[in-house]
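Everything numeric here is computed off the predicted structure, so don't read it as measured data. When reading the values below, keep in mind they use all heavy atoms of this one structure, side chains included, and skip hydrogens, waters and symmetry mates. Below, read A as the first sequence line, B as the second, and so on, with proteins coming before strands; counting in each chain starts at 1.
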Protein chains: 2
Amino acid sequence: MLIGELARQTGCEVETIRYYEREGLLSAPQRSASGYRRYTAEQLGELNFILHCRSLGMSLADIRNLAAFKADHQHDCEDINQLIDQQIAKVHQQVEALRLLEQQLLALRDKCHDSRAAADCGILQTLVEASEGAPCVCHTPFGQDNHGHSQDYDHAAKKNGRSNKDRP
Amino acid sequence: MLIGELARQTGCEVETIRYYEREGLLSAPQRSASGYRRYTAEQLGELNFILHCRSLGMSLADIRNLAAFKADHQHDCEDINQLIDQQIAKVHQQVEALRLLEQQLLALRDKCHDSRAAADCGILQTLVEASEGAPCVCHTPFGQDNHGHSQDYDHAAKKNGRSNKDRP
DNA sequence: CTTGACCCTGTAGTGACTACAGGGTGTGCA
DNA sequence: TGCACACCCTGTAGTCACTACAGGGTCAAG
């Protein structure tokens with residue numbers, strides 16, 4: 001099977017497949033006389049494994065590790081469990097950070113519901129005052145006196161990633 | 001004030017400040033005879049505004065827009081409200097996607113609690129079977145018969161971002 | 001013989017930084 | 001005066017997981 005067929009069967013883009021090969025995640029396939037990649041069912045499984053792990057939010061480095069464990073049948077699976085535990089912890093932290101963020105944004109949003117001039121906008125005023133050192137509604141949503149900003153916000157929200165599906 | 005002092009006062013790294021200037025978010029400061037950047041209190045406020053917005057998860061592009069609205073006092077603040085609404089929607093989506101992810105990982109984790117050989121590890125087995133087309137516990141956590149993987153997972157978790165705080 | 005779909009390599013772009021290299025400046029101290 | 005050392009400068013390249021081209025080659029059908 002050629003790379004385009006593999007792409008169709010897995011829903012993975014051709015260029016992503018080549019990228020995984022370059023990164024050493026996917027084993028290099030045999031080549032036809034003209035240099036075309038020829039994939040087997042085994043490699044289809046390999047790619048599906050990678051995609052499944054990716055859909056669980058694992059990094060390519062994690063997947064590389066997992067694949068190594070998979071190849072080494074005698075390896076103590078405690079390492080696998082740990083990898084999943086770390087992934088759970090990471091995702092859990094992100095959920096918590098983002099939930100806090102959502103609360104902060106909602107508190108900020110509550111500062112203005114009208115259509116006024118920017119100069120009178122409660123949201124903008126709140127943001128400007130916060131930048132001048134005032135305690136801000138968005139970072140003190142529950143009346144706490146916390147100076148500075150949330151310490152454990154880890155920029156999880158900075159990537160507004162999109163899947164293949166919601167692209168036009 | 002020199003750039004190092006501004007960095008200390010804001011908790012922002014020197015190189016990030018220069019980056020914001022390059023990106024046009026922070027106005028270019030005056031320079032000393034030897035070319036050193038000299039910042040005023042106004043620019044301190046400007047940077048704090050940016051950092052505050054960043055801590056709310058806004059992109060630099062959003063912050064650029066917001067700063068433009070801020071400068072144009074007569075601008076209808078409906079645009080500001082909309083920007084915050086979009087940010088809330090984005091964060092909310094990410095929270096939902098990550099919560100689903102967490103459930104999936106927990107379901108997977110439940111497949112193995114022992115210390116066995118990798119060949120017998122329930123987690124690994126589940127992942128391998130899933131890559132062979134079997135319905136997987138992690139992507140059918142509630143007994144549904146959903147083929148393929150979660151459609152609205154938007155790679156929110158793929159950036160395992162770290163803040164300044166948790167670096168060694 | 002041409003068309004058009006497919007394949008190849010290699011490079012550059014994304015976002016929001018971060019990390020250097022290789023140099024210049026400013027201040028304090030011996 | 002010489003030197004150490006902290007600070008500053010520009011410019012470039014790296015991070016992650018792709019994505020998008022450019023510029024070319026291959027292959028089957030009509």
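Side-chain contact check for B:Leu56 versus A:Gln104: some heavy-atom pair is nearer than 4.5 Å.
Atom-to-atom, OH of A:Tyr20 to P of D:dC16 comes out at 14 Å; the value is rounded to the nearest Å. Following rounding to the nearest Å, A:Ile50 (CD1) and D:dC16 (C1') show an atom-to-atom distance of 16 Å. Following rounding to the nearest Å, A:Tyr39 (OH) and C:dC6 (P) show an atom-to-atom distance of 16 Å. What separates CG of B:Leu60 from P of C:dT18 is a distance of 12 Å, to the nearest Å. We find that CZ of A:Arg22 is positioned 12 Å from P of D:dC18, with the value rounded to whole Å. The distance from atom CD of B:Glu13 to atom C1' of D:dC7 is 15 Å, rounded to the nearest whole Å. Atom CD1 of B:Ile17 is separated from atom C1' of C:dT18 by 14 Å (rounded to the nearest Å). Between A:Glu5 atom CD and C:dC7 atom C1' the separation is 14 Å, expressed in whole Å.
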Which pairs of donor and acceptor atoms, one on a side chain in residues 121-133 of chain A, lie under 3.5 Å apart (sequence neighbours left out)?
residue, atom, partner, partner atom, Å
A:Gln125, NE2, A:Ala119, O, 3.2
A:Thr126, OG1, A:Gly122, O, 2.6
A:Ser131, OG, A:Val128, O, 2.6

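Between A:Ala61 and B:Gly4, the residue anchored nearer the 5' end of DNA chain D, judged by the nucleotide with its closest heavy atom, is B:Gly4.
Out of C:dC6, C:dT18, C:dC8, the shortest distance to the side chain of A:Arg31 is found at C:dC8. Side chain of A:Val14, nearest nucleotide from C:dC7, D:dC18, D:dC9: C:dC7. Closest to the side chain of A:Arg37, out of C:dC17, C:dC8, D:dC9, is C:dC8. The side chain of B:Leu2 has D:dC8 as its nearest neighbour among C:dA16, C:dC7, D:dC8. The side chain of A:Arg8 lies closest to C:dC6, out of C:dT9, C:dC6, D:dT19.
Side-chain nitrogen and oxygen atoms of B:Thr16 include at least one within less than 4.0 Å of the OP1 or OP2 phosphate oxygen of C:dT18. Between A:Tyr19 and D:dC16 there is no side-chain polar atom (N or O) within less than 4.0 angstrom of OP1 or OP2.
With sequence neighbours left out, the side chain to side chain donor-acceptor pair (under 3.5 Å) criterion links B:Asp120 to no other residue. Remark: A:Glu96 engages A:Arg99 in a side chain to side chain donor-acceptor pair (under 3.5 Å) (not counting sequence neighbours). For A:Ser32, the side chain to side chain donor-acceptor pair (under 3.5 Å) partners two or more places apart in sequence, or in a different chain, are A:Ser34.
B:Arg54 places a side-chain N or O within donor-acceptor distance of the main-chain N or O of B:Met58, the cut-off being under 3.5 Å. No side-chain donor-acceptor contact under 3.5 Å links B:Gln74 to the backbone of A:Ala117.
Here salt bridge (charged side-chain N to carboxylate O under 4.0 Å, His left out) pairs that include residues 60-80 of chain B, with residues two or more places apart or in two chains, number zero. Every pair passing ring-ring contact (aromatic ring centres under 6.0 Å, His included) that includes a residue from residues 70-89 of chain B is listed here, sequence neighbours excluded: B:Phe69-B:His75. Screening residues 104-114 of chain B for salt bridge (charged side-chain N to carboxylate O under 4.0 Å, His left out), with sequence neighbours left out, gives A:Asp85-B:Arg109, B:Asp114-B:Arg116.
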>> One character per nucleotide, please: for nucleotides 21-28 of chain D, 5' to 3', B when the base has a protein heavy atom closer than 4.0 Å, S when only the sugar-phosphate does, - otherwise.
In response: B---BBS-
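In the helix from C:dC1-D:dG30 to C:dA30-D:dT1, the end axes, each obtained as the rotation axis mapping the C1' atoms of four pairs onto the next four within a five-pair block, lie 30° apart to the nearest 10 degrees.
At a threshold of 4.0 angstrom between heavy atoms, the contacts of B:Arg38 with the nucleic acid are absent.
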